[in-house]
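Predicted model only: the values in this text are computed from it and were never measured. Start at 1 and go down the list; that is how both ligands and their atoms are numbered.
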Amino acid sequence: MSDQVNHFIGGVPVAEGATFATYDPVTGLVVREVREADRTVVDRAVAAARSALPAWAALPVAERAAWMRRLADAIEERFEDLVAAEIADTGKSVTQTRTLDIPRGAANFRSFAEIAAQHPENAFHLTDVLSYTVRKPLGVVAVIVPWNLPFLLATWKLGPALVAGNTVVVKPSEHTPGSVAVLAEIAASIGLPPGVLNVVHGFGGGSTGQFLVEHPGVDAVTFTGESRTGSTIMKAVADRVKPVSFELGGKNAGLVFADADLDAAVEGSVRSVFTNGGQVCLCTERLYVERPVFEEFTARLAKRAGELRFGRPADQDTTMMPMISAEHRDKVLSYYELARGEGAEIRAGGGVPRFGDDRDGGYYVEPTVLTGLPHDSRVNREEIFGPVCHVAPFDTETEAVELANDSEYGLAATVWTSNLSRAHRVARSLEAGLVWVNTWYLRDLRTPFGGVKLSGIGREGGTRSLDFYSEPTTITIKLEPGND
Ligand code: NAD
Ligand code: 6OD
């Protein structure tokens with residue numbers, strides 16, 4: 001793709017609007033110039049989606065599913081372009097990008113093609129009454145996504161929205177326009193009907209994102225991002241009572257019991273705390289460890305944190321990536337300072353790595369392990385979204401569950417134990433949409449995905465996604481008795 005990112009409306013690139021720069025998190029240097037969609041451009045995108053809607057919605061689901069498979073195939077053909085675009089915007093390691101971010105894009109389209117094709121309509125029969133439901137698309141759906149897993153999260157919503165018969169206008173994060181811009185090229189190259197998938201670029205509040213969600217021609221909003229932004233969007237669409245699906249922030253707990261396989265718990269926690277630089281909504285930021293193993297676990301986690309490798313994205317053994325922006329790096333560092341101020345013991349990290357090369361202009365922070373903070377400290381309450389966790393001891397199972405649940409968020413949790421009954425009992429007691437036992441971020445795309453409390457509204461995943469992206473109409477027929 002070129003260094004200039006344009007919108008994609010009605011099947012063609014649109015080079016309109018002021019431009020803004022994006023920056024390479026590895027070096028802080030400019031990556032590309034991006035067009036910012038103003039209200040006029042957003043109008044055009046919504047109009048294109050609206051005009052494509054009747055024909056797309058009228059296609060048999062099997063044909064829309066076939067389009068989803070073609071998109072998946074084409075993603076695999078443009079795999080390396082997508083990997084390059086994602087790395088340029090985020091500074092992710094090539095290893096992660098090749099194994100998680102881009103393959104999940106293809107899997108998202110392929111899975112929802114299968115799920116939609118097998119999704120039955122309901123029918124209910126009483127003696128002389130037959131009721132059944134038919135599903136219709138919502139219409140034009142606005143898809144607004146963040147920067148941490150740009151391609152994975154956009155396609156996670158596009159797959160089900162499109163296969164359900166909606167047309168979409170997607171707005172990637174202002175930090176990470178590249179991979180969705182390649183997806184637009186892919187859509188054009190396979191001849192996806194113009195207007196079915198439209199892409200507009202720009203910022204959020206006071207810019208493209210706000211213009212899009214407020215637009216009267218948008219029938220529903222599906223959003224992934226910060227809880228505060230979710231709340232703002234909810235207010236913006238309240239007057240029109242638009243359906244919303246929100247996947248929001250987390251302050252996820254991990255519980256490590258003394259009976260756990262400690263090697264697995266340490267390595268699993270290294271993944272759950274530091275993957276993607278801790279910039280995954282599912283990452284663990286609060287670890288509670290049963291007292292007999294607290295010291296050993298914490299020491300081993302801190303040692304492993306210190307061993308993570310700040311290589312270049314292209315190096316196969318890179319395991320630590322930069323923060324997305326200077327602003328986000330400063331936010332994470334402000335929590336490291338706050339932790340010091342609140343009296344934390346810094347068991348690993350706590351600062352900024354120095355490289356002596358161009359990476360000193362990038363947005364790196366050290367992976368950090370903290371102990372010694374009170375449960376109600378801000379560091380333990382607020383989502384930081386960086387490579388950092390606080391570890392605290394607990395004495396009883398009840399206490400562990402209470403500590404984990406004492407949060408405004410409720411997205412994900414991990415439980416490390418070798419006691420099967422405890423695993424079930426604790427998992428059911430946790431106030432979280434997702435609980436992983438002896439693993440982390442293991443996904444089956446057919447399962448409901450989402451959070452409780454400040455972490456979101458609704459569930460996507462499997463048929464739940466199709467339920468959100470469509471409206472059922474119940475048709476009830478009074479049957480004449482004895483006429484059959
Ligand atoms: P963000 O809320 O700042 O931005 C997300 C998207 O919303 C961006 O495209 C942004 O431009 C847009 N936006 C911002 N303000 C808007 C407005 N007023 N109207 C319309 N659009 C607006 O989030 P972020 O910083 O990009 O992402 C990090 C956050 O996302 C973290 O809180 C993380 O936990 C959360 N997240 C949650 C999940 C999940 O599945 N629950 C997944 C990934 C990220
Ligand atoms: O794996 C997924 O489907 C998903 N929605 C992940 C979200 C990750 C948050 O950063």
Could you tell me the residue and atom name of the protein heavy atom closest to [atom], and the distance to it rounded to 0.1 Å?
atom: atom 39 (C) of ligand 1; value: C281 SG, 3.2 Å
atom: atom 4 (C) of ligand 2; value: F449 CZ, 3.4 Å
atom: atom 13 (N) of ligand 1; value: G204 CA, 3.4 Å
atom: atom 37 (C) of ligand 1; value: L248 O, 3.0 Å
atom: atom 27 (O) of ligand 1; value: P146 CB, 3.2 Å
atom: atom 17 (C) of ligand 1; value: G205 N, 3.6 Å
atom: atom 35 (C) of ligand 1; value: G225 O, 3.2 Å

Which bit of [X] gets closer than 4.0 Å to ligand 2, counting heavy atoms only: side chain, backbone, both or neither?
X: R104; answer: side chain
X: L149; answer: side chain
X: N148; answer: side chain

Is the side chain of [X] donor-acceptor paired with the backbone N or O of [Y] at a distance under 3.5 Å, no angle test?
X: R35; Y: N6; answer: no
X: R286; Y: L403; answer: yes
X: N166; Y: L138; answer: yes
X: E366; Y: G351; answer: yes
X: D3; Y: R32; answer: no

Any idea which part of [X] is under 4.0 Å from ligand 1, heavy-atom wise: side chain, backbone, both or neither?
X: L282; result: neither
X: L411; result: side chain
X: T224; result: both
X: E383; result: side chain

With side-chain contact (heavy atoms from CB on, under 4.5 Å) as the test, would you mind laying out the steps for F223 and K157 before giving the verdict? CA-CA 9 Å; F223 168 75; K157 290 177 177 296; 5.9 Å; no
Any N/O pair [X]/ligand 1 closer than 3.5 Å:
X: E174; result: yes
X: W147; result: yes
X: V145; result: yes
X: F385; result: no
X: S227; result: no
X: K171; result: yes
X: T229; result: yes

Would you mind reporting whether [Y] and [X] have side-chain heavy atoms less than 4.5 Å apart?
X: T319; Y: V270; answer: no
X: Y469; Y: T222; answer: yes
X: V169; Y: V200; answer: yes

Does the side-chain contact (heavy atoms from CB on, under 4.5 Å) test come out yes or no for L370 and Y336, once each step is laid out? CA-CA 9 Å; L370 308 166; Y336 291 5; 5.8 Å; no
What do you reckon, does C281 have a nitrogen or oxygen under 3.5 Å from a nitrogen or oxygen of ligand 2? yes
Does any N or O of ligand 2 fall below 3.5 Å from an N or O anywhere on R443, backbone included?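 For ligand 2, there is an N or O atom that lies under 3.5 Å from one belonging to R443.
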For [X], counting its heavy atoms only, list the atoms of ligand 1 lying under 4.0 Å from any of them.
X: F449; value: 40 (O)
X: F203; value: 11 (O)
X: F223; value: 2 (O), 5 (C), 6 (C), 7 (O)
X: P172; value: 9 (O)
X: Q210; value: 19 (N), 20 (C)
X: I144; value: 6 (C), 7 (O), 9 (O), 12 (C), 21 (N)
X: L153; value: 42 (C), 43 (C)

I324, L282, N148 screened by side chain to side chain contact (heavy atoms under 4.5 Å, CB included) with N276, the one that passes: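 Of the listed residues I324, L282, N148, the side chain to side chain contact (heavy atoms under 4.5 Å, CB included) partner of N276 is N148.
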Applying the side chain to side chain contact (heavy atoms under 4.5 Å, CB included) test to D89, which of S173, P172, P25, P177 qualifies? P177
Please check if the distance between the ring centroids of [X] and [Y] is under 6.0 Å.
X: W416; Y: Y288; value: no
X: W147; Y: F385; value: yes
X: F20; Y: F203; value: yes

I'd like to check which ligand 2 atoms, numbered from 1 as shown, lie under 4.0 Å from a non-hydrogen atom of [X].
X: Y441; result: 1 (O), 2 (C), 6 (C)
X: L153; result: 4 (C), 5 (N), 6 (C), 7 (C)
X: V280; result: 8 (C), 9 (C), 10 (O)

Aromatic plane relationship, W56 with W67 - under 30° parallel, 30 to 60° tilted, over 60° perpendicular: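 Tilted, since the angle between the ring planes falls between 30° and 60°.
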Is any NZ, NE, NH1 or NH2 atom of the basic residue among R50 and D219 found under 4.0 Å from an Asp or Glu carboxylate oxygen of the other? yes
Under 4.0 Å between a Lys/Arg side-chain N and an Asp/Glu carboxylate O for E214 and R240? no
Can you confirm whether something in the protein, heavy atoms only, sits under 4.0 Å from atom 23 (O) of ligand 1? yes
With Y335, the side-chain hydrogen bond (donor to acceptor under 3.5 Å, both in side chains) member among E342, E285, E383, E382: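 Of E342, E285, E383, E382, side-chain hydrogen bond (donor to acceptor under 3.5 Å, both in side chains) with Y335 is met by E382 alone.
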